[in-house]
Structures are given as structure tokens and as C-alpha cells.
Amino acid sequence: MVDTTPLTRAVDHFADRLRAAPQSRLQRGAAAEALELARELARRTQAVEEPGTPLREMPDAGMFAAADQITVAAHDLALVLQDEGQVEEAVELVGQAQRRAGV
């Protein structure tokens, strides 16, 4: 079993920063960036769990739900990752999204 702690720590940190961010920052793109990350993580999970099926898109639940969406998506992905390289790649995705979000 692969250690996914780096992924869960990174996404929990990002989610905490989103929850602490002012509404104006969320509106300026932080929430949209988080939603795009959540969607990408969910796509990766679905590709492992249901290969070959049409991809579903995570809905936009609003800017105040973005932190929860990335948390759920990352924790789901953590359950299906199979090697350290996949974990590192997912951690990098989270880091890039957080930098773009500016939180």
C-alpha cells in the first residue's frame, strides 16, 4: 500500500487556506482554481475505478464549497493511487493550483 499522506496533507492545507480566505479572494479566482483541481482529481479517480467509462464532471457547488470539493476529491484519489510517482504527481497538482489560487 502506498503512503498518500503527502497528498492528504497538501490538500488539507490548501482547503484550510481557502476556508480562511476572504470572499473577495475566492471571487477573484481562488474558488474557480480549486474547483478545477477537484474536477481533475475526480477525473483521475474515475479513470482508475471505472476505466473506459464516459467521464463525469464534478458540479460547481459554489465558491464556499470549493474547499470541501478538493478535500473529497483528493481523499477519493488517495484511495486508488498505486505508486509513489502518482502521489508525487497529485501533490504537485495541488501545489500548482494553490499557487495559482494565491492562497
Side-chain angles (χ1 to χ4, degrees):
M1 185 167 164
V2 64
D3 180 15
T4 59
T5 304
L7 173 58
T8 56
R9 281 187 184 153
V11 82
D12 289 346
H13 180 260
F14 186 14
D16 287 345
R17 301 291 298 161
L18 286 168
R19 289 183 185 105
Q23 183 175 348
S24 60
R25 172 121 358 168
L26 295 174
Q27 290 172 324
R28 284 194 311 262
E33 190 61 51
L35 175 60
E36 188 51 43
L37 172 65
R39 287 176 171 167
E40 177 59 26
L41 298 176
R43 282 189 290 269
R44 289 171 182 241
T45 302
Q46 184 184 348
V48 173
E49 289 182 327
E50 302 171 18
T53 61
L55 291 176
R56 296 179 301 276
E57 185 171 281
M58 181 178 284
D60 183 347
M63 71 178 146
F64 298 113
D68 295 329
Q69 288 182 291
I70 63 169
T71 301
V72 169
H75 285 260
D76 286 349
L77 180 61
L79 293 173
V80 301
L81 294 178
Q82 299 175 358
D83 64 54
E84 295 296 324
Q86 292 174 327
V87 174
E88 290 172 10
E89 186 176 341
V91 169
E92 183 59 29
L93 284 175
V94 173
Q96 290 172 359
Q98 185 171 357
R99 287 187 292 279
R100 286 191 302 267
V103 295

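- A 6.0 Å sphere centred on CZ of Arg43 holds more than 12 heavy atoms belonging to other residues, nucleotides or ligands.
- Taken to the nearest 0.5 Å, the CG atom of Leu81 stands 11.0 Å off from the CG atom of Asp76.
- The residues Arg25 and Glu33 are annotated as not salt-bridged, no charged nitrogen and carboxylate oxygen being separated by less than 4.0 angstrom.
- Between Glu89 and Arg44 a salt bridge is recorded (basic side-chain N to carboxylate O distance below 4.0 Å).
- Remark: side-chain polar atoms of Glu49 are not paired, donor with acceptor, to backbone N or O of Val80 under 3.5 angstrom.
- A distance of 12.5 Å separates CD1 in Ile70 from CG in Leu77, rounded to the nearest 0.5 Å.
- Contact between Pro54 and Gln46 at its shortest, heavy atoms only, is O-NE2, 2.8 Å.
- Met63 is not listed as a side-chain neighbour of Leu18, based on a closest heavy-atom distance of 4.5 Å or more.
- A pairwise comparison of heavy atoms in Ala34 and Ala66 identifies CB-CB, 3.8 Å as the closest pair.
- Leu26 and Phe14 fall within a single hydrophobic cluster, where Ile, Leu, Val, Met, Phe, Trp and Tyr are joined by side-chain heavy atoms under 4.5 Å apart, directly or via other members.
- In summary, Asp12 and Arg9 do not engage in a salt bridge, as defined by a charged side-chain N under 4.0 Å from a carboxylate O.
- The minimum heavy-atom distance linking Val48 with Gln82 is given by the pair CG1-NE2, 4.3 Å.
- Rounded to the nearest 0.5 Å, atoms CD (Glu40) and CG (Leu37) are 8.0 Å apart.
- Ala90 approaches Leu7 most closely through the heavy-atom pair CB-CD1, 3.8 Å.
- Here the shortest heavy-atom pairing between Val91 and Ala10 reads CG1-CB, 4.3 Å.
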_Residue pair Gln98, His13: steps toward the side-chain contact (heavy atoms from CB on, under 4.5 Å) verdict_ = CA-CA 9 Å; Gln98 185 171 357; His13 180 260; 3.3 Å; yes
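- For the pair Gln86 (side chain) and Asp83 (backbone), a donor-acceptor distance under 3.5 Å is present.
- Heavy-atom minimum distance, Ala101 versus Ala30: O-CB, 3.6 Å.
- Under the 3.5 Å distance criterion, the side-chain polar atoms of Gln69 are left unmatched by any main-chain donor or acceptor of Arg39.
- Counting only heavy atoms from C-beta outward, the side chains of Asp3 and Val87 never approach each other to under 4.5 Å.
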_Val72 and Met58: CA distance, side-chain angles, deciding distance, side-chain contact (heavy atoms from CB on, under 4.5 Å) verdict_ = CA-CA 11 Å; Val72 169; Met58 181 178 284; 5.5 Å; no
